[in-house]
Number of protein chains: 2
Amino acid sequence: MVSAPLAAVKSGAPAKERLRLWIRILRASRLIEAVLRERLKSRFDTTLPRFDVLSALDRAPEGMAMSDISRFLLVSNGNVTGIVERLVTDGMASRTKRDGDRRTSIIKLTPTGKEAFAAMAEAHERWIDELLGNLPEDEARALAGTLKTFESNWEGGV
Amino acid sequence: MVSAPLAAVKSGAPAKERLRLWIRILRASRLIEAVLRERLKSRFDTTLPRFDVLSALDRAPEGMAMSDISRFLLVSNGNVTGIVERLVTDGMASRTKRDGDRRTSIIKLTPTGKEAFAAMAEAHERWIDELLGNLPEDEARALAGTLKTFESNWEGGV
DNA sequence: CCTTAAAATTTCATACTTGAAATATCCTCT
DNA sequence: AGAGGATATTTCAAGTATGAAATTTTAAGG
């Protein structure tokens, strides 16, 4: 402790307020995830992690490396290996080596996968629309903005 | 389809806006969870699920039934069995039968567990305070309010 | 009392998840 | 070219996580 008073720097909501907020964020996301998981299972016989990977791949028609997928979805490398493995087995995704670098494998959606995902994405959007249906537009926008700021402040490590 | 036009009822943000919001909520909670998990591991040699269960038990000095824990934490029954098992092994929690109903077991924190959790909770609150530190107070309050409304609208099933 | 339904929990198979260690490949510098 | 380090991925052990089936106990109705 050299010269600056430690506790007097921070501004904004007091600690208890922030803790409450975090608990609300956590509960909201768990509630929504539970609904999504159940519906993906019953209507498409798939899982949320698989949907997430398909969703990532759908944004990248040229394909993604394994590490791109894990970075994008905020999950570990080893995790992606297993999920992609099952997607390939199911004919939803394909892996090819990139010429010039045999370490990297490029994962793409197959036509089957693209088609299957399109149906899921359509339903998924409807479900979210339904689940968040009673949020007024201005609140939704404000909330998204706040979270976006938060996210960009923490992107790439604490 | 009898008489009401299906699409004209809902108000609020359009679907795309809601979808964006959901993705932000999801990413924010995953980012925060990743930090918490890593710190709980390195500083307390424990995991997030264990912390969650301890946290639930700490609110209930008289103890909780297994099903109370799973309902409170929004996780499945079978899941709680394993986590509590490990907590009991570690001396953090105890299980006793309730007289009058031998189906139910009551889980409580041991003194060791209570003490360990107090230290973790203190650190946890500091971490959240740090992670959400740049949220202005009014935004934090608004966000929490919005999420609270959302939650109570969906409590107890879709 | 006895059957049947309900409630609380555990068990089980399968899948997801992490973090660390192991592999394989590429790159750079001398 | 060869050593050493960096990158990309897989493997592995342990711990979550779900949903369904099985178990145990209680409660209710005839």
May I ask you to evaluate whether B:Arg95 reaches the phosphate of C:dT9, defined as a side-chain N or O under 4.0 Å from OP1 or OP2?
no

Taking every non-hydrogen atom, the tightest pair across B:Lys97 and B:Ser105:
NZ-CB, 4.1 Å

Between atom CD in A:Glu85 and atom C1' in C:dT17, what is the gap in whole Å?
15 Å

Can you tell whether the side chains of B:Glu125 and A:Lys16 come within less than 4.0 Å, N to carboxylate O?
yes

Does A:Thr47 have a side-chain nitrogen or oxygen under 4.0 Å from the phosphate oxygens OP1 or OP2 of C:dC16?
yes

With a 4.0 Å limit, can you tell me whether A:Ser67 has a side-chain N or O closer than that to the phosphate oxygens OP1/OP2 of D:dT9?
yes

Should B:Asn79 be listed as having a side-chain N or O under 4.0 Å from OP1 or OP2 of D:dT16?
no

Do any side-chain nitrogens or oxygens of A:Arg102 fall under 4.0 Å of OP1 or OP2 in C:dC26?
yes

Tell me if the side-chain of B:Arg103 makes a donor-acceptor pair with the base of C:dA7, cut-off 3.5 Å, by modelled atom types.
yes

Euclidean distance, atom NZ of residue A:Lys41 to atom C1' of C:dA15 [Å, nearest integer]
9 Å

Starting at the 5' end of DNA chain C and moving along, which residue's nearest nucleotide shows up first, A:Gly78 or A:Asp101?
A:Gly78

Give a yes or no on whether A:Leu48 and A:Val75 share a hydrophobic cluster (residues Ile, Leu, Val, Met, Phe, Trp, Tyr; joining criterion: side-chain heavy atoms under 4.5 Å apart).
yes

Where each residue is assigned the nucleotide of DNA chain D containing its nearest heavy atom, which of A:Arg37 and A:Thr81 is assigned the position nearer the 5′ end?
A:Thr81

To the nearest Å, give me how far apart CZ (B:Arg86) and P (D:dG15) are.
6 Å

Checking side chain to side chain donor-acceptor pair (under 3.5 Å) between B:Arg126 and each of B:Glu122, B:Glu130, B:His124, which is the one that passes?
B:Glu122

Heavy atoms under 4.0 Å, any strand shown: does A:Arg50 hit a base, just sugar-phosphate, or nothing?
sugar-phosphate

Figure out the CG/P separation between A:Asp99 and C:dC26, and round it to whole Å.
11 Å

Could you tell me whether B:Leu73 contacts a base, only the sugar-phosphate backbone, or nothing, with contacts defined as non-hydrogen atoms closer than 4.0 Å?
nothing

Indicate whether OP1 or OP2 belonging to C:dT18 is found under 4.0 Å from a side-chain N or O atom of B:Arg30.
no

Just call it for B:Leu48: base, sugar-phosphate, or nothing, with non-hydrogen atoms closer than 4.0 Å on any strand.
nothing

What is the distance from CG of B:Asn77 to P of D:dT23, rounded to the nearest Å?
17 Å

Does A:Arg30 come within less than 4.0 Å of B:Glu33, counting only side-chain N to carboxylate O?
yes

For A:Met66 and C:dT18, give me the distance from atom CE to atom C1', rounded to whole Å.
15 Å

How long is the line joining CD1 of A:Ile107 and P of D:dA8, in whole Å?
14 Å

Touch class at under 4.0 angstrom, heavy-atom based, for A:Gly82 against every strand present
nothing

Could you tell me whether A:Ser76 contacts a base, only the sugar-phosphate backbone, or nothing, with contacts defined as non-hydrogen atoms closer than 4.0 Å?
base

Atom-pair distance (NZ on A:Lys97; C1' on C:dT23), nearest Å
11 Å

Salt bridge or not between B:Arg71 and B:Asp68? Use side-chain N to carboxylate O under 4.0 Å.
yes

